[in-house]
Engineer: 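First the structure, then my questions, so here it is.
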Amino acid sequence: MSTHDTRRRQLLLAGLAGTVSRPAVAQLNATSPMGFWSQLAGTWSGELSYLDGTMRPIIQRYHSVVEMTLNTDQLGQTEYKFYPAGTELARNVGGSDLPADQGVELITSQAGVVDEGRWTLSVNEVYQLVDDATIVRHLRDPDTGVPRYVTYWTLTSARTLLITNLGILYTPLEADYYNRPVEPQRPNTRLGELKGCSVFRYIRLTDGRFDAERQRLAELHNVTRS
C-alpha cells in the first residue's frame with residue numbers, strides 16, 4: 001500500500017471513530033442546557049457516501065434531509081433520503097420497473113426516550129453518550145453477539161453533524177453481502193469483519209429552509225417515487 005493510500009485510510013478511520021476536537025465540545029456545553037440532545041433539535045441537510053468493506057464506493061454521493069425534534073424526554077427523527085438514479089439502492093426502494101434516469105426518496109421515522117446519557121429506540125437499539133459531543137450505538141446480533149452495526153453521531157460544532165455507520169459481518173453462517181446463505185452451509189470465517197460503512201456529513205439548515213432543500217434534492221435526483 002502506498003504512503004498516500006495509507007494516509008487516506010488513516011484519515012477515513014479517524015472519521016469513522018467519531019473524533020471531535022475539545023474546543024468544539026466546550027462550545028456545545030456552553031450553549032446548550034441539555035447538552036448533545038438539544039443541539040440535535042432542528043433540520044439538517046446531508047451529503048452521504050456508502051462504501052463497501054474494502055472502502056470502495058457503492059454510492060459515492062447521495063443526500064438526506066433530517067428533522068430532529070425534542071419534546072421533554074422524547075427525541076424523534078424523520079429522515080428523507082434521496083437515492084440517485086441508476087443505483088441499486090434506488091431500484092431496491094423504487095422497484096425493478098424504476099426507469100434508469102429516475103431517483104427515489106425514502107422517508108423513515110424513529111423516536112425514543114432520552115434518559116440522561118441514553119437514547120433508547122428499542123430494547124436492542126440504544127445510543128449511549130460517550131462524551132459531550134458524541135453518541136454511539138452497538139446494534140448486536142442476538143445469536144452471535146457481534147454488532148450488526150456500530151454507529152457514531154458526532155457534533156463537531158453547533159452547525160455540523162457527522163454520522164458514521166460501520167456494517168459488520170455478523171451471521172453465524174457464511175453469507176453474501178445481503179445475508180443470503182452461501183451453499184454449502186459453513187461457519188462464517190469472516191465473522192466480525194467490516195462489511196461496509198457509510199459516512200454522512202450534515203449542515204444545520206436555517207429556519208424555513210427545510211421545504212426548499214427537500215425540493216432541491218428531489219429535482220437534483222429526478223425523484224418520481226417515494
Engineer: For Gln74, what residues pass the side chain to side chain donor-acceptor pair (under 3.5 Å) criterion, not counting sequence neighbours?
Structural biologist: none
Engineer: Could you tell me whether the side chain of Glu174 and the main chain of Thr189 form a donor-acceptor pair under 3.5 Å?
Structural biologist: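 Here the side-chain-to-backbone pair exists.
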Engineer: Would you confirm whether Thr144, through its side chain, and Tyr170, through its main-chain N or O, come within 3.5 Å as a donor-acceptor pair?
Structural biologist: yes
Engineer: Check the pair Ser45, Glu213 against side-chain hydrogen bond (donor to acceptor under 3.5 Å, both in side chains), reporting the backbone distance first and the verdict last.
Structural biologist: CA-CA 8 Å; Ser45 179; Glu213 182 67 357; 2.5 Å; yes
Engineer: Please say yes or no: joined through hydrophobic side-chain contacts below 4.5 Å, possibly via intermediate residues, are Ile203 and Leu205 part of one cluster?
Structural biologist: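 Looking at the clustering, Leu205 is in a separate group from Ile203.
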Engineer: Any sub-3.5 Å donor-acceptor pair from Gln128's side-chain atoms to Gly117's backbone N or O?
Structural biologist: yes
Engineer: Verify side chain to side chain contact (heavy atoms under 4.5 Å, CB included) between Val126 and Leu121, making sure each step is shown before the conclusion.
Structural biologist: CA-CA 6 Å; Val126 179; Leu121 297 167; over 6 Å; no
Engineer: Measure across Pro142 and Arg148 and return the closest heavy-atom pair with its distance rounded to 0.1 Å.
Structural biologist: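 Smallest interatomic distance, heavy atoms only, reads CD-NH2, 4.2 Å.
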Engineer: Could you tell me which non-hydrogen atom of Met55 sits nearest to which non-hydrogen atom of Leu194, and how far apart they are?
Structural biologist: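 For Met55 versus Leu194, the nearest heavy atoms are CE-CD2, 3.8 Å.
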Engineer: What's the shortest heavy-atom distance between Leu40 and Met68, and which atoms?
Structural biologist: O-CB, 3.1 Å
Engineer: Is it the case that over 12 heavy atoms from other parts of the model lie below 6.0 angstrom from the CD atom of Glu47?
Structural biologist: yes
Engineer: Answer with yes or no whether the side chains of Asn124 and Ser122 bring together a donor and an acceptor at under 3.5 Å.
Structural biologist: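 There is no such pair between these side chains.
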Engineer: My understanding is that only one of Trp44, Tyr202, Trp119 makes a ring-ring contact (aromatic ring centres under 6.0 Å, His included) with Trp153; could you say which?
Structural biologist: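 It is Trp119, the one option of Trp44, Tyr202, Trp119 that forms the ring-ring contact (aromatic ring centres under 6.0 Å, His included) with Trp153.
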Engineer: Quick check: closest heavy atoms across His138 and Pro147, and the distance to 0.1 Å?
Structural biologist: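 In terms of heavy atoms, the two residues are closest at CD2-CG, 4.3 Å.
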Engineer: Measure from the side-chain N and O atoms of Arg91 to the backbone N and O of Pro99, and report whether any donor-acceptor pair falls under 3.5 Å.
Structural biologist: no
Engineer: Looking only at side-chain N and O atoms, does Tyr177 offer a donor or acceptor that is under 3.5 Å from a partner on Asp52?
Structural biologist: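 Tyr177 and Asp52 do not have a side-chain donor-acceptor pair below 3.5 Å.
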Engineer: Out of Leu48, Leu217, Leu106, Val104, which one pairs with Phe82 under the side chain to side chain contact (heavy atoms under 4.5 Å, CB included) rule?
Structural biologist: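 Testing each of Leu48, Leu217, Leu106, Val104 against Phe82, the sole residue satisfying side chain to side chain contact (heavy atoms under 4.5 Å, CB included) is Leu217.
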Engineer: Heavy atoms only: give me the nearest Asn222-Asp101 pair and the separation to one decimal.
Structural biologist: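 Scanning both residues, the minimum pair turns out to be ND2-O, 2.7 Å.
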Engineer: Check whether any side-chain heavy atom of Ile168 sits under 4.5 Å from a side-chain heavy atom of Lys195, and report yes or no.
Structural biologist: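 They are not in side-chain contact.
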Engineer: Is it the case that the side chain of Thr87 and the backbone of Pro84 share a donor-acceptor pair, with hydrogens and angles ignored and the cut-off at 3.5 Å?
Structural biologist: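 Side chain of Thr87 to backbone of Pro84, a donor-acceptor pair under 3.5 Å: yes, one is there.
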Engineer: Give a yes or no answer on whether the side chain of Ser157 reaches the backbone of Arg159 with a donor-acceptor pair at less than 3.5 Å.
Structural biologist: yes
Engineer: Check whether Arg204 reaches the backbone of Ala158 with its side chain - one donor and one acceptor, N or O, closer than 3.5 Å.
Structural biologist: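 Side chain of Arg204 to backbone of Ala158: a pair is present.
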Engineer: Quick one: closest heavy-atom pair of Val146 and Leu169, and the distance?
Structural biologist: CG1-O, 4.1 Å
Engineer: Just by distance, do the side chain of Asp141 and the backbone of Gly145 share a donor-acceptor pair under 3.5 Å?
Structural biologist: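 Not at all, since once roles are kept as given, no pair shorter than 3.5 Å links the two residues.
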Engineer: If hydrophobic clusters are built from ILVMFWY residues whose side chains come within less than 4.5 Å, do Val65 and Leu70 share one?
Structural biologist: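 Different hydrophobic clusters.
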Engineer: Say whether, by atom type as modelled, one donor and one acceptor occur between the side chain of Thr154 and the main chain of Thr156 under 3.5 angstrom.
Structural biologist: no
Engineer: Is the count of non-hydrogen atoms from other residues, nucleotides or ligands lying under 6.0 Å from Tyr149 atom OH greater than 12?
Structural biologist: no
Engineer: Taking the ring centre of each residue, are Tyr50 and Tyr83 less than 6.0 Å apart?
Structural biologist: no
Engineer: A quick test of your reading: do over 12 heavy atoms of other residues, nucleotides or ligands sit less than 6.0 Å from CG of Asp207?
Structural biologist: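 No, not enclosed.
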Engineer: Table please: side-chain donor-acceptor pairs of residues 107-115 below 3.5 Å, with sequence neighbours left out.
Structural biologist:
| residue | atom | partner | partner atom | Å |
| --- | --- | --- | --- | --- |
| Ser109 | OG | Thr78 | OG1 | 3.2 |
| Gln110 | NE2 | Gln77 | OE1 | 2.5 |

Engineer: Is the number of heavy atoms from other residues, nucleotides or ligands within 6.0 Å of CD (Glu116) greater than 12?
Structural biologist: no
Engineer: Using a 6.0 Å cut-off, check whether atom CZ of Arg186 has over 12 heavy atoms from anything other than its own residue.
Structural biologist: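 Result for CZ/Arg186: enclosed.
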